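None of these values were measured; they are calculated from a predicted model. For ligands, and for the atoms within them, numbers begin at 1 and follow the listed sequence.
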Amino acid sequence: MNVVLDAVRAAISSPVGYIDQPNDMSPYLNDWRGMFSGDALCVARPGSTEEVARLVRIASEYNVALVPQGGNTGLAGGATPTGTRPQILLSLNRMSQIRKIDRAGLTITAEAGCILHAVKQAAKEVGRQVPISFASEGSASIGGMISTNAGGVNALRYGTARHLVLGLEVVLSDGTVLNGLRNLRKDVAGYDLKQLFIGSEGTLGIVTAAVLRMAPLSHQRCAGFVSINSAGDALRLLEHLHGTLGDCIGAFELMSDASIQRVIRLIGGRLPTSSAPWYVLVEAADCAPELETRLQEALIAPLEAGYIEDAAVSMSLNELQEFWTLRENMGEAEKHAGRSVKHDVAVGVCDVPRFLEEAATAIGNLRMDLDVNAFGHVGDGNIHFNVLGSRSKADDVVVNRAVHDVVARFDGSIAAEHGIGQYRVEELLLSKSRVENELMATLKRALDPALTLNPGKVVGIV
Ligand SMILES: Cc1cc2nc3c(=O)[nH]c(=O)nc-3n(C[C@H](O)[C@H](O)[C@H](O)COP(=O)(O)OP(=O)(O)OC[C@H]3O[C@@H](n4cnc5c(N)ncnc54)[C@H](O)[C@@H]3O)c2cc1C
């Protein structure tokens, strides 16, 4: 393999672009939760699209696989090497230039290794926003965000990463560069090829840069924290707020009392309202003034009608952040609670209450002394239905089956925003129809016939 390593080293102009010492490679070969770890011949950190293309050609020539990686914050093991084939970890984190900002056209062109938070800051500095938010945005990259089609808390208003991408530059599996860095808002000339790469988790091509849609900056932001008795009441509130505040609703998150209490035990803080079985965190954002008053007024009718129990509205950015801290620490609190089986599922928004009931019943029926930690983007029908207390991998499989069987009854999805990676490959096969599975395998073989890109991920072809 020395010949491969020599070729990789020669392909990258900077000495910091090549790592082969085990200690230095370790952060790239393990995921942050300690769930996945892998092996690689080396870590290659190209500094340009041309260097990525060169590396792909080398991998193809020597029959070595490439595992693309951005911020390594993914939750499905997609950026960690798996299997026995020799692999090179391809980190895009040196490609971090913002190439262009168009204020009037509302676009920003950024390289794949840019950290999402930095791109959002750049947009903010010119009075615009990149309207996607999730708890890992301080480490997640633009390439990773696009390759997982990340969702986050603003998908309700602005859609997922897919809806923000106007153009893509992609290195294909033979090293050809597909230059689709267009800033067009309308384009129906032929197949929309960029869509193939968005959400394909590095199995069909390597994203090197993207043109992203920006939005005008909402100068007003405020949040409501609401106590409610049931998920059904949460949907009634959502319907009401769609009618009263319209487009201003940016996020609508549901959290169970048990999951909030777990966060408070971990980080301290206080519940902003009286306790109830469930809570909603709703954020509104707008350019027009007096948003707090408008949100307060919008919550009066639900309080009077009795389908919300209590509500607090943030009166400062600090208070808004306090509300969000409770939501954003759900994952961390769960990590401290021990072993958990995670489910990132989606059902139709109107089906969320019945899904939560039926999935909780299915878990109870297992009689394995388990706890449910349910929270998530209820406005998108995306629930993180995590189960605590499983004692072994064999138990995990049983729990997984029970939850995903309920998802199937609702014709839902087993991966709403965290991707398939290596974690859910078997579940994907079970959850999709034969036609869908065959079509995905056909696409993989057509775009990556030598199986160079991220083997064993998504469709599981190695
Ligand atoms: C605390 C926390 C909260 C999170 N919350 C959310 C959330 O609310 N919503 C959500 O959607 N996700 C969430 N995530 C998951 C994760 O942060 C996102 O999926 C993120 O977009 C991944 O970006 P990354 O750069 O870290 O990608 P990585 O983890 O490095 O990679 C993810 C996948 O993309 C591929 N990939 C990476 N870069 C490229 C590239 N340039 N070209 C081709 N393929 C590439 C990798 O091979 C891998 O398959 C969360 C994660 C954490 C840790």
Excluding sequence neighbours, so at least two apart, what forms salt bridge (Lys or Arg N to Asp or Glu O under 4.0 Å) with E436?
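Here no residue qualifies.
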So which residues, sorted by chain and number, lie with a heavy atom under 4.0 Å of ligand 1?
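Near ligand 1, by chain and number: W32, P68, Q69, G70, G71, N72, T73, G74, L75, G78, A79, L92, A112, F134, A135, S136, A140, S141, G143, G144, M145, S147, T148, A150, G151, G152, E201, G202, G205, I206, V207, H377, E417, H418, N454.
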R339: which residues meet the side-chain hydrogen bond (donor to acceptor under 3.5 Å, both in side chains) condition with it, sequence neighbours left out?
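side-chain hydrogen bond (donor to acceptor under 3.5 Å, both in side chains) list for R339, sorted by chain: D396.
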According to the salt bridge (charged side-chain N to carboxylate O under 4.0 Å, His left out) rule, which pairs have a member within residues 190-210, sequence neighbours left out?
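Residue pairs with at least one partner in residues 190-210: D192-K194.
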Can you confirm whether more than 12 heavy atoms, excluding those of R401, are under 6.0 Å from its CZ atom?
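Counting other residues, nucleotides and ligands, CZ of R401 exceeds 12 neighbours.
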Heavy atoms from other residues, nucleotides or ligands near CD of E239 exceed 12 (cutoff 6.0 Å)
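Counting other residues, nucleotides and ligands, CD of E239 stays at 12 neighbours or fewer.
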Rounded at 0.5 Å granularity, tell me how far CG in N329 sits from CG in L266.
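Reported value, rounded in 0.5 Å steps: 6.5 Å.
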